[in-house]
2 protein chains.
Amino acid sequence: MDSKRKLLTPEREEIILAELGEEAKTISELSLKLDVSEATVRRDLLSLEEQGKIKRVHGGAVKMKFSEHEPVFNEKESIRPEEKERIAKLALGLIEDKDTIYLDGGSTVLALAKILGAKKSLTVVTNSLMAAAELMESGHSLIIVGGKFRPLSRTLVGPLTAKIIETLHVDKAFLGTIGFTIEDGISTTDADEAFTKELILKRAGKAILLADSSKLGKKSFAVSGSLSDIDVVITDSSLSSAFARELKKKGIEVLT
Amino acid sequence: MDSKRKLLTPEREEIILAELGEEAKTISELSLKLDVSEATVRRDLLSLEEQGKIKRVHGGAVKMKFSEHEPVFNEKESIRPEEKERIAKLALGLIEDKDTIYLDGGSTVLALAKILGAKKSLTVVTNSLMAAAELMESGHSLIIVGGKFRPLSRTLVGPLTAKIIETLHVDKAFLGTIGFTIEDGISTTDADEAFTKELILKRAGKAILLADSSKLGKKSFAVSGSLSDIDVVITDSSLSSAFARELKKKGIEVLT
DNA sequence: ACCAAGCTTGCATAATATTGCATAACATGT
DNA sequence: ACATGTTATGCAATATTATGCAAGCTTGGT
């Protein structure tokens, strides 16, 4: 079993994933198997956790359980699943254990909700029933913002959402959007939806926009806040460099 | 059982869940099986309870009835589906088109949510995500009360629910319960849940309790309001006539 | 009211994680 | 080939977490 040749990081990660496929493994088991120090195994596991592929626990790690629970709210097919997933993984890297975060509606943010199992002891506030369904059994503390239900996005929106949002503060807010431009910032098709987004922008320590590049430069009907409310934009690699430059000029961090 | 190495926390938890799937287990049984101290078993059980997966009882633990893997819509594990359905139909008769109603958690109220399609232009306020899922595409206007998510009942509970409930008024509130006695009225296992029930009782024109006869005379931990807050009780036919007489004496309408 | 069994809490200890740092391996440009 | 900066790895000191044990309190049954 033990090959002489030294294994590269991605090879080790592959093996780790395969091992974890069957059952949980301890650090020492993996260290022995891979013939590297436990410190290195920990670093590998850390990296895999950042990618949302595994969950570290005291003493070892387990594979992420794709909670294949019943679709309380059945899901529509998302258009670019792999890009959304990549964006979600970048967003995951911004979250620390014990954070209080806000999750907005939209399929990209939903992709983030699905991999939140990699973190511990989060307090998640959301207006998205899809995200809520995803997190029901995550073990994280879950707070749902009340309000009028908007069937199209399956989110809670409108003036009533202010009642709860205004009493809370979140460390990081992850928002989705329909359109995003330099001039107007984020915009959506529904005024109530925009209203709620604006509320949470004010209550968030850090506002993080998740938007695949198809949203950039597009403008929709109802505008929420301004560009200056956004701290970070996470998007995919087909972002034009001109757009990226503009954002950075405004002091917005860009991750791709 | 090859106890070759130390088990990781999630492994233990998984085994515990599997064991409980069959029947209730005592702490000492689990301690023996997992080869850890009883203190550790208790900590594991505590964690599982926080996740809403089990319920701890004196001497051991049992699996939660509303367990994660159970499909929401085939919630046939409800103990008496046909009686709940009959109760729901009676409740439906109290609802008029264009009413504003409140739906509480619990399987009996959920049965009512499932047949609300028979009515038109309702405004439905609820703290139950199960009911919300049911009504998502019903065409009725849907308002969800925000708050802390309680996995056990899949409802929103606690102080935050007050933020929205207190700004609303509903014509009729349909409540479920764990226990119902002449002395104390309705009672549940969770203080936050009780708190929210009490709130809605104050904001409802008419409070209607849906309770199959197994709930009557039973008393649980946390009491919500008093008997005088209830206007109507809908139950099944195996209600004792003595109990019915007591209720009528207090001015409560009884439907069976 | 009593007792035994079970629960909670605080604490000591062992196991595991994290961090900083030194070194080795690697890549890059000259 | 060499020097140089970068990354990966291992090691060790320190911090954190999990576990078991024991004292005191609570529960449930008689």
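Chain identifiers are assigned alphabetically (A, B, ...) following the order of the sequence lines, protein sequences preceding nucleic acid strands; residue numbering begins at 1 within each chain. These numbers come from the heavy atoms of this one structure, side chains and all, not from hydrogens, waters or symmetry mates.
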Whole-Å gap separating [atom2] ([N]) and [atom1] ([X]):
{"X": "B/R12", "N": "D/dA18", "atom1": "CZ", "atom2": "P", "value": "10 Å"}
{"X": "B/L45", "N": "C/dC7", "atom1": "CG", "atom2": "P", "value": "9 Å"}
{"X": "A/E38", "N": "C/dA17", "atom1": "CD", "atom2": "P", "value": "8 Å"}
{"X": "B/R43", "N": "C/dC11", "atom1": "CZ", "atom2": "P", "value": "14 Å"}
{"X": "B/L30", "N": "D/dG20", "atom1": "CG", "atom2": "P", "value": "14 Å"}
{"X": "B/H58", "N": "C/dG6", "atom1": "NE2", "atom2": "C1'", "value": "4 Å"}
{"X": "A/R42", "N": "D/dA15", "atom1": "CZ", "atom2": "C1'", "value": "13 Å"}
{"X": "B/L8", "N": "D/dT17", "atom1": "CG", "atom2": "P", "value": "16 Å"}

Next on the checklist: So that I can tick it off, tell me whether B/D190 and B/R150 are bridged by a salt bridge, with the cut-off set at under 4.0 angstrom between side-chain N and carboxylate O.
Outcome noted: yes
Item to check | A/E50/A/K119 salt bridge by N-O under 4.0 Å criterion | outcome: yes
Item to check | A/T9 vs D/dT9: side-chain N/O to OP1/OP2 distance below 4.0 Å | outcome: yes
Checklist entry - Is any side-chain N or O of A/S37 closer than 4.0 Å to OP1 or OP2 of D/dT9? => result no
Next on the checklist: Measuring only between side-chain heavy atoms, which start at C-beta, is A/K172 closer than 4.5 Å to A/V232?
Outcome noted: no
Next on the checklist: Whether the side chain of B/D236 engages the backbone of B/D212 through a donor-acceptor N/O pair (distance < 3.5 Å, no angle test) should be reported.
Outcome noted: no
Next on the checklist: Using a 6.0 Å cut-off, check whether atom NZ of A/K89 has over 12 heavy atoms from anything other than its own residue.
Outcome noted: yes
Next on the checklist: Given D/dT19, C/dC7, D/dG10, identify the nucleotide with an atom nearest to the side chain of B/T40.
Outcome noted: D/dT19
Next on the checklist: On DNA chain C, compare the nucleotides closest to B/T26 and A/G60; which residue's is nearer the 5' end?
Outcome noted: B/T26
Checklist entry - When we call it a touch if two heavy atoms are under 4.0 Å apart, what does B/V41 touch: a base, just sugar-phosphate, or nothing? => result nothing
Checklist entry - With a non-hydrogen cut-off below 4.0 angstrom, is A/R56 in contact with a base, only sugar-phosphate, or nothing? => result sugar-phosphate
